[in-house]
Amino acid sequence: MPTGSNPFDGINPDAYRAYVFWSSVLLMKLFLMLPLTAINRFRKQAFANPEDTAAFSRKAKPKFDDPDVERVRRAHRNDLENILPFFVVGFLYLLTNPAPAFAINMYRLVAVSRILHTVVYAVVPLPQPARFLAFVGALAPTVYMTLQTLLYFL
């Protein structure tokens, strides 16, 4: 990158549009984890706060160990640990002037893999290696984009 040039000038509009679209899909996916958790809490009557349990029964006590609720919560936490870094590195990767088709497919792969990860982990739990493959399907491109960005700006 020449000294003094604006790195944003080199961003390919198609790659940028794909980044914004797939990032928005992942944001919506994160937001949908909230009702998924709530549905499981109501279904299992596994509320974490006394005021929530009191709405259903005066004798009910908070429950912190329901396996279905905790599975959804773990999936949500895993999303936060992986999707939030993707938002940053996915944008920074655009500054490296990647081949647009390749970048677009990387963004697709991350988003689809994160959605599949939730499906096989928290919605319809499947045995391993389903969750592992979905996890790596998003992690590998994110790590690749991180390394490419580091090398480009080295």
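Treat the numbers as computed from the prediction; the structure is a model and nothing was measured.
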Quick one: does any side-chain atom of [X] pair with a main-chain N or O of [Y] as donor and acceptor, under 3.5 Å?
| X | Y | answer |
| --- | --- | --- |
| N82 | N78 | yes |
| Q45 | F42 | yes |
| R71 | Y121 | yes |
| Q128 | F132 | yes |
| Y107 | G90 | yes |

Provide the closest heavy-atom pair for [X] versus [Y] in the form atom of the first, atom of the second, distance.
| X | Y | value |
| --- | --- | --- |
| M33 | V72 | CE-O, 3.7 Å |
| A15 | L94 | CB-CD2, 3.6 Å |
| L109 | P141 | CD2-CG, 3.6 Å |
| P98 | A103 | CG-CB, 3.8 Å |
| A138 | R114 | CB-CD, 3.5 Å |
| L95 | F153 | CB-CZ, 3.8 Å |

Handout entry: Point-to-point distance, once rounded to the nearest 0.5 Å, from CD of Q148 to CZ of F102
Key =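 So the gap between those two atoms works out to 8.0 Å.
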
Exercise for the section: Any chance you could lay out the ring pair (Phe, Tyr, Trp, His ring centres under 6.0 Å) test for F64 and F47, step after step, and finish with the verdict? Expected result: CA-CA 7 Å; F64 303 101; F47 300 104; over 10 Å; no

Under a 4.5 Å cut-off applied to non-hydrogen side-chain atoms, are [X] and [Y] in contact?
| X | Y | result |
| --- | --- | --- |
| S23 | F91 | no |
| R108 | I104 | yes |
| D79 | L26 | no |
| N40 | R73 | no |
| T146 | Y93 | no |
| R131 | L116 | no |
| D52 | N49 | yes |
| Y16 | F21 | no |

Exercise for the section: State whether D66 and R41 are salt-bridged, where the test is any N-O pair (Lys NZ or Arg NE/NH1/NH2 against Asp/Glu carboxylate O) under 4.0 Å. Expected result: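 Judged by the 4.0 Å cut-off on N to carboxylate O distance, D66 and R41 do not form a salt bridge.
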
Exercise for the section: In plain terms, say whether D14 and R17 are close enough for a salt bridge, that is, a side-chain N and a carboxylate O under 4.0 Å apart. Expected result: yes

